[in-house]
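A short worksheet on the structure shown next.
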Amino acid sequence: MTRIAVALGLAGFVAVASAQAAELPDSIRQAGVLRLTINATYAPMAYRDPATNELVGLDVDLAREIARRLGVKIVWSETPFAELIPSLATKRADFIISGITDRASRRETADFIDYLTTGPQFFVMTESAPKRAIELCGQKVGTTRSTSFPAEIEKWSKANCEAAGKPAVQYVPGENSIDVRNQLKQGRIDAAVQGSETLPYAQQQEVEKYRVVGEPFSSGYQGIMFRKDDAALREVVTETLAAMISDGAYKIILEKWGLGMHAVAKPMMNAAIQ
């Protein structure tokens, strides 16, 4: 057993009573499993370890610790990012924890319990010329098509490029973050956008390959996504996450993945303003 596992176990022991204040829905309790759908292309949130092909990441660790405290196992399924929300709506997934951003436009049929700060950030190849974000006006910028980032890029371009009489950013869609980085390496785009929580990992994995340009150009939260009619499940998971924050297990997991600076003080429901 690793030191991290031991620390999580000790932290979890003191939180069991509070985590059980709310009750799991009968269907989940009787089955003894949570069915979770994940997109494993967004390191370090969720991805396949290249050496072992094991499903790993911050979201994976958080979900497993939540499930352990609730006394259930996880049955994972993988899907493209664009299919995450449909998998929740069709009840293939009990909830979604997979690098998904809380947005007002996504709350018509779902609620978010926000657990991590995030924000889109430009990056380029290290040898590329742009040093400031404003130099990307008129350039081809790629990002994952099914995320909130295309709208964020358009909003930034209107405020910073078009408002100053400069040409608009040319948005280029990608299937996922891996595809977008490949487009960047192949010279098909000039810059790219990913969440600020993912770029340090990409830079560590491909040393001296990428360079961030400027600070994140908006701020928000990643959230655990629940169907609106699943209030009982939402509440028990929220209480469990709050206990993990209180007893330090949450901090241990975030620091394991180098994301301690993205921590929140408590779970928040539908807290993002965008």
Side-chain angles (χ1 to χ4, degrees), residues 39 41-45 80-82 84-85 99-108 112 114 116-223 258-259 261-262 270-274:
N39 174 245
T41 66
Y42 202 49
M45 307 309 296
F81 189 88
L84 286 175
I85 295 176
I100 192 164
T101 304
D102 175 6
R103 291 181 63 82
S105 61
R106 291 172 171 163
R107 295 186 202 140
E108 290 185 8
F112 286 85
D114 299 329
L116 197 78
T117 64
T118 184
Q121 191 163 21
F122 294 113
F123 65 104
V124 298
M125 301 301 292
T126 299
E127 67 274 13
S128 297
K131 298 294 190 296
R132 299 178 301 151
I134 197 67
E135 296 174 53
L136 298 175
C137 295
Q139 301 294 297
K140 294 179 180 178
V141 177
T143 197
T144 306
R145 70 173 81 239
S146 53
T147 67
S148 60
F149 298 152
E152 295 284 359
I153 293 170
E154 180 182 13
K155 181 179 177 181
W156 182 89
S157 177
K158 287 180 178 179
N160 294 275
C161 300
E162 297 165 68
K166 298 178 182 292
V169 168
Q170 301 176 51
Y171 157 61
V172 178
E175 291 303 314
N176 52 50
S177 59
I178 297 172
D179 176 38
V180 171
R181 290 196 299 274
N182 284 337
Q183 289 191 51
L184 186 62
K185 287 184 280 191
Q186 293 161 6
R188 289 186 283 157
I189 55 177
D190 303 299
V193 168
Q194 282 186 207
S196 57
E197 72 282 358
T198 68
L199 288 174
Y201 181 85
Q203 290 176 301
Q204 290 169 9
Q205 294 303 111
E206 298 184 83
V207 178
E208 299 183 355
K209 182 74 71 174
Y210 308 113
R211 173 169 49 82
V212 298
V213 177
E215 297 297 319
F217 54 90
S218 73
S219 61
Y221 299 103
Q222 287 188 9
L259 295 176
M261 73 291 293
H262 291 271
N270 299 332
I273 60 173
Q274 54 184 323

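The CG atom of Leu136 lies 8.0 Å from the SG atom of Cys161; values are rounded to the nearest 0.5 Å. Atom OG1 of residue Thr117 and atom CD of residue Glu197 lie 8.0 Å apart, to the nearest 0.5 angstrom. With rounding to the nearest 0.5 angstrom, the CZ atom of Arg211 is 6.5 Å from the OG atom of Ser128. Remark: Phe81 CZ to Tyr42 OH distance equals 8.0 Å, nearest 0.5 Å. Of the inter-residue distances, the one linking Ser177 atom OG with Leu184 atom CG reads 12.5 Å to the nearest 0.5 angstrom. To the nearest 0.5 angstrom, Ile100 atom CD1 is 10.0 Å from Asn39 atom CG.
The environment of NZ in Lys185 is crowded: more than 12 heavy-atom neighbours from other residues, nucleotides or ligands sit within 6.0 Å. For CD of Glu108, the number of neighbouring non-hydrogen atoms (other residues, nucleotides, ligands) closer than 6.0 Å is 12 at most. At most 12 non-hydrogen atoms from other residues, nucleotides or ligands lie less than 6.0 angstrom from CD of Glu215. Heavy-atom neighbours of Ile134 CD1 from other residues, nucleotides or ligands within 6.0 Å: above the threshold of 12. Residue Glu208 places its CD atom among 12 or fewer non-hydrogen atoms of other residues, nucleotides or ligands, all under 6.0 Å distant.
Using a 4.5 Å cut-off on side-chain heavy atoms (C-beta onward), Ser218 and Trp156 make no contact. Two residues are said to be in side-chain contact when any heavy atoms from C-beta on lie closer than 4.5 Å; Met125 and Lys209 meet this criterion. By the 4.5 Å heavy-atom criterion applied to side chains, Phe122 and Pro130 are not counted as neighbours.
Gln222 and Thr118 get closest at one heavy-atom pair: N-CG2, 3.9 Å. Taking each heavy atom of Pro167 and Cys137 in turn, the nearest pair found is O-CB, 3.4 Å. A pairwise comparison of heavy atoms in Tyr171 and Pro150 identifies OH-CG, 3.5 Å as the closest pair. Here the closest non-hydrogen pair linking Ala192 and Val180 is CB-CG1, 3.5 Å. Considering every non-hydrogen atom in both Leu259 and Met45, the closest pair reads CD1-SD, 4.1 Å. Among all heavy-atom pairs drawn from Ser157 and Ala168, the shortest one is OG-CA, 3.4 Å.
At least one donor-acceptor pair closer than 3.5 Å links the side chain of Thr147 to the backbone N or O of Phe149. The closest donor-acceptor contact from the side chain of Arg106 to the backbone of Thr101 lies under 3.5 Å. Side chain of Asn176 to main chain of Thr41: no donor-acceptor pair is present (N/O by atom type, distance under 3.5 Å, no hydrogens or angles). Between the side chain of Gln170 and the backbone N or O of Gly138, at least one donor-acceptor pair lies under 3.5 Å. No donor-acceptor distance shorter than 3.5 angstrom exists from the side chain of Asp102 to the backbone of Gly220, with no hydrogens or angles considered. Checking side-chain atoms of Ser196 against main-chain N and O of Gln121 turns up no donor-acceptor pair under 3.5 Å.
Checking each of Ile189, Val193, Val172 against Thr143 for a side chain to side chain contact (heavy atoms under 4.5 Å, CB included) leaves exactly one that passes, namely Val193.
The six-membered or imidazole ring of Tyr221 lies away from that of Phe112, with a centre-to-centre distance of 6.0 Å or more.
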field: Chi angles and distances behind the side chain to side chain donor-acceptor pair (under 3.5 Å) call for Glu152, Ser148
entry: CA-CA 7 Å; Glu152 295 284 359; Ser148 60; 5.1 Å; no
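Side-chain N/O atoms of Gln194 and Arg181 include a donor and acceptor closer than 3.5 Å.
Between Tyr210 and Phe123, the two ring planes are perpendicular [angle over 60°; tilted spans 30° to 60°].
At a threshold of 4.0 Å, the pair Glu135-Lys131 does not count as salt-bridged, since none of the basic side-chain nitrogens sits closer than that to a carboxylate oxygen.
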